[in-house]
Amino acid sequence: GKNITLWKYKSFIPVEKRVSLNEGGTPLYRLENLQRELGMKELYVKNEGANPTGSFKDRGMTVGVSKAIELGMDKVICASTGNTSASLAAYSAKAGIKSYVLVPSGKIALGKLAQAIVYGAKVVPVRGNFDEALRVVVEASRELGVYMLNSINPFRLEGQKTIAFEIFDQLGFVPDNVILPVGNAGNISAIWKGFKELYEAGFIEKLPRMIGIQAEGASPLAKAWKEKREFKPEEKPETVATAIRIGNPANWKKAWRAVKESGGLFESVSDEEILRAQKLLASKEGIFVEPASASSLAGLIKLKELSLIEPDESYVLITTGHGLKDPNVIIENFKLPAPIEPSLEAFKEVL
Ligand SMILES: Cc1ncc(COP(=O)(O)O)c(/C=C/C(=O)C(=O)O)c1O
């Protein structure tokens with residue numbers, strides 16, 4: 001049977017070639033249990049962890065790598081906190097071209113590192129954070145003629161904007177709010193672009209509020225927004241949510257405009273709130289997401305507690321990456337009981 005992929009929207013995607021792993025077409029459904037638990041009226045999740053390499057990055061990479069092929073490129077490069085590198089490696093493998101990924105040494109989640117390796121990328125750990133690695137990649141793409149596929153590359157956002165198209169297609173209406181984690185700030189910018197394109201094409205009459213959530217220790221946009229001041233980067237971003245451990249978001253201007261134009265907001269949440277939300281999503285709704293993804297829910301809970309949002313409005317949480325990407329964050333915080341003898345008696349003792 002035919003798979004529903006983001007190429008359903010090919011008339012909105014500015015590329016002819018197609019390197020695809022059947023990305024997109026991810027589940028969107030109601031979180032009935034959390035809705036009740038949190039006293040919300042309309043709470044949905046769009047689970048981007050269901051993409052081929054386990055994150056929304058596949059939407060940007062299918063278009064970005066297709067463009068690379070169209071341009072006759074045979075080498076692509078990115079800096080990454082992990083998911084971008086995993087996705088670039090997979091799509092480069094499919095396209096039969098070489099990929100180079102620069103990752104913050106010791107700060108990339110296990111699953112993402114395994115993916116970049118096994119898909120065949122040249123993995124280059126960098127003694128520094130994502131922001132420092134990105135600077136090297138920009139210089140390398142200029143000097144060495146390697147095609148750069150971080151989200152500064154507009155073709156990435158042309159793929160990621162299809163999240164907006166699918167939300168409208170799957171709900172049948174435009175939600176009042178879309179909440180998602182913000183790191184390099186490409187995704188919030190892309191989804192806003194997608195809704196505006198639907199609006200300008202006359203498919204929809206209203207636009208959602210865009211709500212961007214950052215980790216407190218890596219929240220240059222949320223800090224500037226709440227303190228009502230100019231944006232300025234953070235030197236030393238730190239958070240357990242390594243995917244969004246970014247101090248100088250490359251797309252901050254686009255993200256700022258998206259939140260302003262949409263009447264939305266930025267907020268930040270602590271690592272504890274993120275880990276609690278991760279557990280809640282898994283134990284109440286059976287959805288295992290990596291920490292950065294859980295910041296959407298952590299943000300919703302915080303904004304509701306602060307009465308900064310209307311509980312009766314409709315909310316779509318974007319969960320951006322699968323929980324299996326970062327198993328250590330669960331295992332390290334769990335005391336596994338000692339093994340029992342293989343007998344019913346022994347089992348009854350631990351019941
Ligand atoms: C699971 C997950 N959730 C949210 C984000 C933030 O999205 P942007 O605000 O568009 O950056 C990322 C980003 C990851 C990288 O930036 C990378 O992989 O280099 C992510 O992996």
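Numbers here are sequence positions counted from 1. Order of appearance sets the numbers: ligands from 1, and atoms from 1 within every ligand. Side chains are part of it too, since the values below use all heavy atoms of this structure and drop only hydrogens, waters and symmetry mates.
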Handout entry: Residue T84 vicinity, atoms of ligand 1 by number, heavy atom under 4.0 Å
Key = 15 (C), 17 (C), 18 (O), 19 (O)
Problem - Min heavy-atom dist A185 to ligand 1 below 4.0 Å - result: yes
Completion exercise
Within 4.0 Å of some non-hydrogen atom of S80, the atoms of ligand 1 are 17 (C), 18 (O), 19 (O)
Completion exercise
A student checking ligand 1 against V182 at a 4.0 Å heavy-atom cut-off should list atoms 9 (O)
Exercise for the section: Taking only heavy atoms of G186 into account, list the atoms of ligand 1 that are under 4.0 Å away from them. Expected result: 8 (P), 9 (O), 10 (O)
Completion exercise
Counting from 1 in the order shown, the ligand 1 atoms closer than 4.0 Å to a non-hydrogen atom of E290 are 1 (C)
Practice task
Check each heavy atom of K325 against ligand 1 and say whether those closer than 4.0 Å belong to the side chain, the backbone, both or neither.
Solution key: neither
Handout entry: R142 atom CZ, neighbour heavy-atom count above 12 within 6.0 Å
Key = no
Practice task
List the closest protein heavy-atom neighbour of atom 10 (O) of ligand 1: residue, atom name, distance to the nearest 0.1 Å.
Solution key: N187 N, 2.8 Å
Handout entry: Numbered atoms of ligand 1 (with element) below 4.0 Å of I246, judged on heavy atoms
Key = 16 (O)
Practice task
Establish, yes or no, whether a centroid distance under 6.0 Å links the rings of F12 and F165.
Solution key: yes
Fill in the blank from the handout: Contacts of S270 meeting side-chain contact (heavy atoms from CB on, under 4.5 Å) (sequence neighbours excluded), chain-then-number -> E216, E272, E273
Completion exercise
Honestly, for N150 the part within reach of ligand 1 (heavy atoms, under 4.0 Å) is neither
Problem - Close-contact set for ligand 1 against N184 heavy atoms, below 4.0 Å - result: 8 (P), 9 (O), 11 (O)
Practice task
With E290 as reference, evaluate Q278, K112, H322 under the side chain to side chain donor-acceptor pair (under 3.5 Å) test and give the passing residue.
Solution key: K112
Practice task
Mind checking side chain to side chain donor-acceptor pair (under 3.5 Å) for K46 and listing every partner two or more places apart, or none if nothing turns up?
Solution key: T26, E166, Q170
